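Each remark here refers to the structure printed beneath this line.
Since the structure is predicted, the reported quantities are computational estimates derived from the model, not experimental observations. Chain A is the first sequence line, chain B the second, and so forth, proteins listed ahead of strands; every chain is numbered from 1.
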2 protein chains.
Amino acid sequence: MRADLAERLLPIGRLAEATGCKIETIRYYEQIGLLPEGERTSGNQRRYTRRHLQILSFIRHARDLGFSVDAIRDLLKLSADPARPCAEADAIAAAHLADVRAKIARLRNLEQELERMTRLHCSGAIADCRVIEVLADHGKCMHDSH
Amino acid sequence: MRADLAERLLPIGRLAEATGCKIETIRYYEQIGLLPEGERTSGNQRRYTRRHLQILSFIRHARDLGFSVDAIRDLLKLSADPARPCAEADAIAAAHLADVRAKIARLRNLEQELERMTRLHCSGAIADCRVIEVLADHGKCMHDSH
DNA sequence: ATAGGACCTGAAGTCGCTAGAGGTTCAAGA
DNA sequence: TCTTGAACCTCTAGCGACTTCAGGTCCTAT
């Protein structure tokens, strides 16, 4: 039991290290019920399992990709219940797929615009810098999202 | 003088209209020192010049492209000094472009997984759902941006 | 036994806005 | 000239998703 604690369970700092997530953020996720609470030592410190590590990695990834905390909650629910009927899962997945595609489309526009801006490496001075020019003048902007 | 005020200077509502920026947001930008303060009428209302219109358009455009307020502050400083070398502006844009591309790459991975999931009109259970897995496990992630 | 690093809680601050309350000014029509 | 109502003003609080801080407690290696 003592050995279990020492060998299998991660203190919050280790979990943070392993996921690239800040300690405070982990506590925050726990607080808002996104990450299940870890057990505590007799001295009230959190100890996490490999399962927590998985979930937190998932959360980090999804946040990086721009999913809201609520969306992540949905996705986690999906994975938590393997017996869940498929229609529901499909619906959630489909909704998120649409969302992902919209995000991709938007980012591709941005990419093109930024590319265009930086491609013409300017002659040296701000006066004829493409970046500034494009930003200053809507007319020079190719994408249609605005 | 009176005519100047009426003809050349824009009240905040007009500026908002012309730039597609909300009135509150304009006041906010002024407050944080991103947009220079406009003059005031004797009754304390803001009046803006064409110069403000230009700057605000620049800000809006840059925000649309995902630049942070701080990045915009830098870009504005750069653009104010036309003799300055433009490598700096390039660098800001290039960093942002790299960021955008990394996000696109990851979203595409996710898109594929979500697609796969919904396409399979699945066999009954979540058990073999890889969405969570893909996001949770770095090792299963194909792209190399992290 | 003790030093000092890791951990705890709760509250407040950050960013980039947005919304609301409650009051003042401007400009066009009677 | 007066009136009316749209547009403006300031100040405060709220949002999501954290981050930082103050002031403590715990854990573990020596």
- Message: Expressed as a whole number of angstroms, how long is the span from Ile12(A):CD1 to dT19(D):P?
- Response: 13 Å
- Sorted by chain and number, sequence neighbours left out, side-chain hydrogen bond (donor to acceptor under 3.5 Å, both in side chains) with Thr49(B) holds for His52(B)
Donor-acceptor pairs under 3.5 angstrom involving side-chain atoms of residues 13-29 of chain A: please list them, not counting sequence neighbours.
unit_1: Thr19(A); atom_1: OG1; unit_2: Leu15(A); atom_2: O; d: 2.8
unit_1: Thr19(A); atom_1: OG1; unit_2: Ala16(A); atom_2: O; d: 3.4
unit_1: Thr19(A); atom_1: OG1; unit_2: Cys21(A); atom_2: N; d: 3.3

- For Leu10(B) and dC26(C), what is the distance between atoms CG and P respectively, to the nearest whole Å? 16 Å
- Message: In whole Å, I'd like the distance from the CZ atom of Arg14(B) to the P atom of dC8(D).
- Response: 8 Å
- Task: Could you check how far CD of Glu39(A) sits from C1' of dC7(C), rounded to whole Å?
- Result: 17 Å
- By side-chain hydrogen bond (donor to acceptor under 3.5 Å, both in side chains) - contacts of Glu30(B) (at least two apart): Arg46(B), Tyr48(B)
- Query: Quick one: side-chain hydrogen bond (donor to acceptor under 3.5 Å, both in side chains) partners of Gln45(A), sequence neighbours excluded?
  - Reply: Arg47(A)
- Message: Taking only side-chain N and O atoms of Arg47(B), does any of them lie within less than 4.0 angstrom of OP1 or OP2 on dA7(D)?
- Response: no
- Quick one: list whatever passes side-chain hydrogen bond (donor to acceptor under 3.5 Å, both in side chains) with Arg51(A), sequence neighbours left out. none
- Item | Proximal nucleotide (of dC8(C), dC9(D), dC18(D)) relative to the Arg46(A) side chain | dC8(C)
- Of the listed nucleotides dC8(D), dC17(C), dC8(C), the one nearest the side chain of Pro11(B): dC8(D)
- Task: Output the distance between atom CZ (Phe58(B)) and atom CG (Leu35(B)), rounded to the nearest 0.5 Å.
- Result: 12.5 Å
- Message: In this structure, how many angstroms lie between the P atom of dT18(C) and the CZ atom of Arg63(B), rounded?
- Response: 10 Å
- Item | Nearest listed nucleotide, side chain of Asn44(A), among dT10(D), dC27(D), dT9(C) | dT9(C)
Using residues 69-78 of chain B as the side-chain source, report each donor-acceptor pair under 3.5 Å to any protein atom, sequence neighbours left out, with the distance given to one decimal.
unit_1: Arg73(B); atom_1: NH1; unit_2: Ile32(B); atom_2: O; d: 2.9

- Message: Rounded to whole Å, how long is the line connecting atom CZ of Arg60(A) with atom P of dA17(D)?
- Response: 15 Å
- Item | Rounded (10°) bend between the five-pair end axes of the helix from dA1(C)-dT30(D) to dA30(C)-dT1(D) | 20°
- Message: Rounded to whole Å, how long is the line connecting atom CD of Glu37(B) with atom C1' of dT10(D)?
- Response: 14 Å
- For the side chain of Thr41(A), counting heavy atoms from C-beta on, which of dC26(C), dC8(C), dC27(D) is nearest? dC27(D)
- Task: Salt-bridge test for Glu111(B) and Lys103(A): reply yes if a basic N is under 4.0 Å from a carboxylate O, no otherwise.
- Result: no
- Under a 4.0 Å heavy-atom cutoff, the residues of residues 16-31 of chain B touching DNA chain D are Ile23(B), Arg27(B)
- Comparing nearest nucleotides in DNA chain C, the 5'-proximal residue of the pair Ser42(B), Arg73(B) is Arg73(B)
- Task: Under the salt bridge (charged side-chain N to carboxylate O under 4.0 Å, His left out) rule, collect the residues that match up with Arg63(B), sequence neighbours excluded.
- Result: none
- Message: What is the separation between atom CD1 on Ile32(B) and atom C1' on dC17(C), rounded to the nearest whole Å?
- Response: 9 Å
